[in-house]
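Below is one structure, written out as structure tokens; comments come after it.
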Amino acid sequence: MQEQYRQINDRIHVSEELFQRTREAVRKEERRQKIRRLRTVWISAAAAACICLAGLAVWEYTGRDQLHIETVEFQQNEMSAGLIFGKAGAGSGSRDEAIEARAFGVKEDVPSELWELEPSRLERQEVHIGRSENGGWYACFEKDGKFWYVTGSEDVRQEEFTAYLKKIL
């Protein structure tokens, strides 16, 4: 039976013209599919590059420092004007004495008025920055489970205060 089948198939021949046309059609189809695959690869690569650029732009934008400095008024029993952690006239000495920071274990040790301020972003960290009416600087933030409270006298410039905050962060 197999022998008969083989003999019948051996007698079937295609004309040379049909064979050449079929071969050419197969080549064209293979080229078309190759071009389609290349296009898909290039489009995918371009889309991935665009997504990466967009992600990088978002990452860069969110990492940028954003300052929101609001006026803060403390209750009389919590703060006294001109005092920084109980030191009178702290701005009269060196610049390091004009700005002081303390870390607390409990959030309630930091004046609640500061936590209510709109948060700023410094070094990718959320910081609440305020300025009293007499010009003193105040900031608070949480870092590594500690609650930081930073104060600066009225003669401290904004750049100095933010640089000090960045150093702590």
About how many Å separate [atom2] of [Y] and [atom1] of [X], when rounded to the nearest 0.5 Å?
| X | Y | atom1 | atom2 | value |
| --- | --- | --- | --- | --- |
| D155 | E160 | CG | CD | 8.0 Å |
| E3 | I8 | CD | CD1 | 11.0 Å |
| I43 | L38 | CD1 | CG | 11.0 Å |
| T151 | Y164 | OG1 | OH | 8.5 Å |
| R32 | R37 | CZ | CZ | 10.5 Å |
| E159 | K166 | CD | NZ | 10.0 Å |

Inspect the surroundings of [atom1] in [X] and state if more than 12 heavy atoms from other residues, nucleotides or ligands are less than 6.0 Å away.
| X | atom1 | result |
| --- | --- | --- |
| E29 | CD | yes |
| E133 | CD | no |
| Q7 | CD | yes |
| K146 | NZ | no |

For residues [X] and [Y], report the shortest heavy-atom separation together with the two atoms involved.
| X | Y | result |
| --- | --- | --- |
| L114 | G130 | CD2-N, 4.4 Å |
| K107 | F147 | N-CD1, 3.4 Å |
| V150 | A101 | CG2-CB, 3.7 Å |
| L165 | I129 | CD1-CD1, 3.9 Å |
| V106 | E108 | CG1-OE1, 2.7 Å |
| E113 | F74 | OE1-CD2, 3.7 Å |

(request) Would you sort out whether V156 and S153 count as a side chain to side chain contact (heavy atoms under 4.5 Å, CB included), showing the intermediate values? (result) CA-CA 6 Å; V156 174; S153 65; 3.7 Å; yes
(message) Checking the side chain of E70 only, and the main-chain atoms of E118 only, is there a donor and an acceptor separated by less than 3.5 Å?
(response)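 Confirmed, E70 side chain pairs with E118 backbone.
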(message) Is it the case that the side chain of K143 and the backbone of L169 share a donor-acceptor pair, with hydrogens and angles ignored and the cut-off at 3.5 Å?
(response)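 Yes; at least one donor-acceptor contact below 3.5 Å.
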Whether [X] and [Y] hold their rings parallel, tilted or perpendicular, with breakpoints at 30° and 60°:
| X | Y | result |
| --- | --- | --- |
| F141 | W148 | parallel |
| F104 | Y149 | tilted |
| W137 | F161 | parallel |

(message) Does any part of the side chain of H128, heavy atoms only, come nearer than 4.5 Å to the side chain of V72, both counted from C-beta?
(response)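 SC-SC contact between V72 and H128 ruled out.
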(message) Looking only at side-chain N and O atoms, does E24 offer a donor or acceptor that is under 3.5 Å from a partner on Q20?
(response)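 No, E24 and Q20 have no side-chain donor paired with an acceptor closer than 3.5 Å.
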(request) Using a strict cut-off of less than 4.0 Å between a Lys/Arg side-chain nitrogen and an Asp/Glu carboxylate oxygen, indicate whether E30 and R27 qualify as a salt bridge. (result)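 Not counted as a salt bridge, because no side-chain N and carboxylate O are separated by less than 4.0 Å.
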